[in-house]
There are 4 protein chains.
Amino acid sequence: MFRRKGYDKTTLKDIGALAHIQAPAIYYYFSSKEQLLEEVLNIGIAGIHDAVRGAVDGMAASSTHRERVEAAIRAHLTSLLQHSDYTAANIINYNLAPRAIRERHRVRREQYADYWRAMLQAAQAAGEIGPGVDLTLLRLFLLSALFWTHEWYRKDHDPIEDMAAKLSTMLFDGIGGTALE
Amino acid sequence: MFRRKGYDKTTLKDIGALAHIQAPAIYYYFSSKEQLLEEVLNIGIAGIHDAVRGAVDGMAASSTHRERVEAAIRAHLTSLLQHSDYTAANIINYNLAPRAIRERHRVRREQYADYWRAMLQAAQAAGEIGPGVDLTLLRLFLLSALFWTHEWYRKDHDPIEDMAAKLSTMLFDGIGGTALE
Amino acid sequence: MFRRKGYDKTTLKDIGALAHIQAPAIYYYFSSKEQLLEEVLNIGIAGIHDAVRGAVDGMAASSTHRERVEAAIRAHLTSLLQHSDYTAANIINYNLAPRAIRERHRVRREQYADYWRAMLQAAQAAGEIGPGVDLTLLRLFLLSALFWTHEWYRKDHDPIEDMAAKLSTMLFDGIGGTALE
Amino acid sequence: MFRRKGYDKTTLKDIGALAHIQAPAIYYYFSSKEQLLEEVLNIGIAGIHDAVRGAVDGMAASSTHRERVEAAIRAHLTSLLQHSDYTAANIINYNLAPRAIRERHRVRREQYADYWRAMLQAAQAAGEIGPGVDLTLLRLFLLSALFWTHEWYRKDHDPIEDMAAKLSTMLFDGIGGTALE
DNA sequence: CATGAATGAGGGTTCATTCAT
DNA sequence: CATGAATGAACCCTCATTCAT
């Protein structure tokens, strides 16, 4: 509901209807609409973080860093686009959430960012990402591209695995043609 | 106001205060809050579209396509991050806008997308973007990365020109190191 | 609880917490919040009535009526200020109680008033209260003064016995000085 | 309304109906129900304070202090019982008002108490109140008796002027008969 | 004897909007 | 061109109460 209509437009009545209970019954489980939002945000971030970590950490020790990054991209997209309304709800509502919630939640967002930071640093240390690459900017742009997919992705697009593979290729090998060489 | 607090949380009283008038006076200029939103969305898209078009079209005829794309990136970021609260308001509120507005507005968003599509096609036709690159996916990911910057960009970041240059380099040349070659 | 927060602001949850049970468990002992209030009111009136009667009826047969009135004052104040939250709760909530409860309860209040009425009449009959004194008014003002103490009395005030003695003296002997005599 | 039903039981709908407007229109004039209560409390205290001060200060300079006190009693009762629902509302609701309101309001109550304190002190200094009388206790009991009248006074009682005169007489001359002298 | 779960009524409050002035 | 006053719809939330367990 938060994903489709946004926090403000979502009424407790809407939510209650979805859960087949009356609106006030929600207060038996949550202390306020805001707390409900906070839990949704948390589930959203946890879902994608776990998916990515699970995918990467489960890889063979012999995997290259490039393979790891590509796996992370694939897991991120799969989780966001196929599994979790919570993650999309997070993206949509985070900015408009009350300051208190946002501040408490920021920590979790940063933990996810940290995971990527470490992964990219390892790749650069191993020489699989060029030494001149600004990792902070890379991470920010890359995660932006990934998160924003929920805005334009439709079920009838390419399979997510293809998208992930293509993005990884563009990113590592560049899109430049041979015209100028 | 729409940018900072979102459409729903913004009250006409807020807006009136900003304009030094009483809330009902807004109705002298706009027929409803929704119409106000629509105009804000329009200004937002027009601002960035004009900025990008202006930058690219003003270039020397001898410019390479890569130079053009980089100029477009630079103009997009400059407009979004430095000039226009309207564009950021657009990004934040588009999804949650009433369906009618969204459908009327989508046309303008597509026109901006078309501009990029044409630019990228020209670059590929000229061989400056590899023939195997999926232009649709490239455009979607690239614009996602660009639009989402407003979420994390702070005034104390790198100068926008540097960001644009680095992104362009990563994109065209790839981030891959030499480890595997 | 009724004394501190008043009937309306007191929730069954509050009461349950005080009794270390859940709110619905209250219904095992009382049929409704109103019935609970009624019992509290009753206990409050009974407490002060019993205290006063006990003190006066236990006095030596040789006591003067003035001594009896003073004892009644002392007992009333002691009961109200030191022993019984119930009595204070009664005073605070009686007016705001539902009409049905109020009407049922009024009888008990009148019984207490009757006790005073009889005591004052006896004193007047015996000549210890002047023949010209309007007993009804005296009783009303006196009980008003006594009941209202719970509003301003703090533990660090004079001992209650002193207060009672002083009030009795003022009342019987008057506060007038000698200036005009 | 606050006087009849108490703050909690009074709904904004009730108040709106009384004022022939819809409940939300109240917010055009008051920022909250609490602020409304606060203003009612203030008017209540101001009403009685002004009435008493006006009556006493308007007396001939040659008046005795006893005459002044009696005039104050009369004015207090007249204001409370005949003119002002606000004062009765004050008495009833003060205790149950939110702490913040109560603390802000206490100052005004104390100013009224101060007025009486000064009046009684002057009377004692002039010898019209006995030197042994505890003025604080006298004031507290006297004001208690006066305030509480609104609980039992009915229109069919004695005229207020008679009541005031009788109370004054009892107070200054005492109720004691001659039996013990 | 007590609780977990839920409900229904209703309360205070917000807000876009209207309209006479 | 703008405001003061008011409205009606709707929202979040509270709470006494019920009832199966």
Side-chain angles (χ1 to χ4, degrees), chain A residues 1-2 5-17 19-37 98, chain B residues 1-2 5-17 19-37 98, chain C residues 1-2 5-17 19-37 98, chain D residues 1-2 5-17 19-37 98:
Chain A
M1 213 79 214
F2 284 161
K5 312 176 58 164
Y7 177 72
D8 290 303
K9 280 228 177 58
T10 300
T11 72
L12 292 185
K13 218 174 145 196
D14 291 337
I15 297 172
H20 303 294
I21 56 177
Q22 302 291 102
I26 294 170
Y27 284 84
Y28 188 76
Y29 303 96
F30 300 90
S31 61
S32 69
K33 191 185 175 190
E34 288 198 357
Q35 195 222 322
L36 223 170
L37 171 60
Chain B
M1 215 78 214
F2 285 160
K5 311 175 58 166
Y7 177 72
D8 291 303
K9 279 227 178 58
T10 299
T11 71
L12 291 186
K13 213 174 150 198
D14 289 338
I15 296 173
H20 304 294
I21 57 176
Q22 301 291 99
I26 293 170
Y27 284 82
Y28 186 78
Y29 304 97
F30 300 91
S31 62
S32 69
K33 191 185 176 190
E34 289 199 354
Q35 195 222 324
L36 222 169
L37 171 61
Chain C
M1 214 79 213
F2 284 161
K5 311 174 59 166
Y7 177 72
D8 290 304
K9 280 226 177 59
T10 299
T11 70
L12 292 186
K13 213 174 150 198
D14 290 337
I15 297 172
H20 302 295
I21 56 175
Q22 301 291 98
I26 294 170
Y27 284 83
Y28 185 76
Y29 305 97
F30 300 90
S31 63
S32 70
K33 190 186 177 190
E34 288 198 356
Q35 194 221 326
L36 222 170
L37 171 62
Chain D
M1 215 78 214
F2 284 160
K5 313 175 59 166
Y7 178 72
D8 290 304
K9 279 228 178 57
T10 300
T11 71
L12 292 186
K13 217 174 147 197
D14 290 337
I15 297 172
H20 303 293
I21 57 176
Q22 303 290 103
I26 294 170
Y27 284 82
Y28 189 76
Y29 302 96
F30 299 90
S31 60
S32 69
K33 191 186 177 191
E34 288 198 356
Q35 195 223 322
L36 222 169
L37 171 61

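Reminder, nothing fancy here: chain letters follow the sequence lines and each chain counts from 1.
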J.: Looking only at non-hydrogen atoms, find the nearest pair between Pro98(A) and Glu34(A) and report the distance.
T.: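 For Pro98(A) versus Glu34(A), the nearest heavy atoms are CG-OE2, 3.2 Å.
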J.: Compare side-chain N and O positions of Tyr28(C) against OP1 and OP2 of dA2(E) and report whether any pair is under 4.0 Å apart.
T.: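 Result: no.
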J.: Using whole Å, what does the distance between atom C1' of nucleotide dA5(E) and atom OH of Tyr27(A) come to?
T.: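 Whole-Å distance recorded here is 17 Å.
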J.: With DNA chain F as reference, determine whether Thr11(C) or Thr10(A) sits nearer its 5' end, using the nearest nucleotide of each.
T.: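 Between the two, 5'-proximity favours Thr10(A).
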J.: Measure CG/Asp8(B) against C1'/dC12(F) and give the value in whole Å, please.
T.: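 Interatomic distance, CG of Asp8(B) to C1' of dC12(F): 15 Å.
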J.: Indicate, with a heavy-atom threshold strictly under 4.0 Å, whether Ser31(A) touches base, sugar-phosphate, or nothing.
T.: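 It contacts nothing in the nucleic acid.
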J.: In Å and rounded to the nearest 0.5 Å, what is the CG to CD distance from Leu37(D) to Gln35(D)?
T.: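 Answer rounded to 0.5 Å: 10.5 Å.
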J.: In whole angstroms, how far is the C1' atom of dA2(F) from the CD1 atom of Ile21(B)?
T.: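 To the nearest whole Å, that distance equals 8 Å.
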J.: How long is the line joining CD of Glu34(A) and P of dC11(F), in whole Å?
T.: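 To the nearest whole Å, that distance equals 17 Å.
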J.: Just the rounded figure in Å: distance from P of dT18(E) to NZ of Lys33(B).
T.: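 Distance, rounded to whole Å: 14 Å.
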J.: Tyr7(C) OH to dC15(F) P: how many Å, rounded?
T.: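 Value for this atom pair: 13 Å.
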J.: Assuming nearest nucleotide by heavy-atom distance, tell me which of Ala23(C) and Ala23(D) is located more 5' along DNA chain E.
T.: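 Nearest nucleotide further toward 5': that of Ala23(C).
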J.: By nearest nucleotide on DNA chain F, pick out whichever of Ala25(D) and Ala25(B) is the more 5' one.
T.: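 Looking at DNA chain F, the more 5' nearest nucleotide goes with Ala25(B).
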J.: Starting at the 5' end of DNA chain E, write a dot or bracket for each base, bracketing those in Watson-Crick or G-U wobble pairs whose two distances are under 3.5 Å and using | for partners on another strand.
T.: .||||||||||||||||||||
J.: Between Pro24(D) and Tyr29(C), who's closer to the 5' end of DNA chain E by nearest nucleotide?
T.: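 Mapping each residue to its closest nucleotide by heavy atoms, the 5'-most match is Tyr29(C).
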J.: Just verifying a value: how many Å separate Asp8(B) CG and Lys33(B) NZ, rounded to the nearest 0.5 Å?
T.: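 It comes to 6.0 Å.
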J.: Less than 4.0 angstrom between a side-chain N/O of Gln22(C) and OP1 or OP2 of dA2(E), yes or no?
T.: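 Looking at the OP1 and OP2 atoms of dA2(E), neither is under 4.0 Å from any side-chain N or O of Gln22(C).
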J.: How many whole angstroms separate atom NZ of Lys9(C) from atom C1' of dG12(E)?
T.: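 Rounded to the whole Å, the gap is 13 Å.
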J.: Got a sec: does the NZ of Lys9(C) have more than 12 other heavy atoms crowding it under 6.0 Å?
T.: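 Yes, the 6.0 Å shell around NZ holds more than 12 heavy atoms from other groups.
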J.: Applying side-chain contact (heavy atoms from CB on, under 4.5 Å) to Leu12(D) and Tyr27(D), what does each step give before you reach the verdict?
T.: CA-CA 10 Å; Leu12(D) 292 186; Tyr27(D) 284 82; 3.4 Å; yes
J.: Going through the checks in order, is the side-chain contact (heavy atoms from CB on, under 4.5 Å) test met by Tyr29(B) and Leu36(B)?
T.: CA-CA 9 Å; Tyr29(B) 304 97; Leu36(B) 222 169; over 6 Å; no
J.: Return the value, rounded to whole Å, for the distance between atom NZ of Lys13(C) and atom C1' of dC13(F).
T.: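 The distance from NZ of Lys13(C) to C1' of dC13(F) comes to 12 Å, rounded to the nearest Å.
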J.: Can you tell me how far the CE atom of Met1(C) sits from the CG atom of Asp14(C), to the nearest 0.5 Å?
T.: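 It comes to 4.0 Å.
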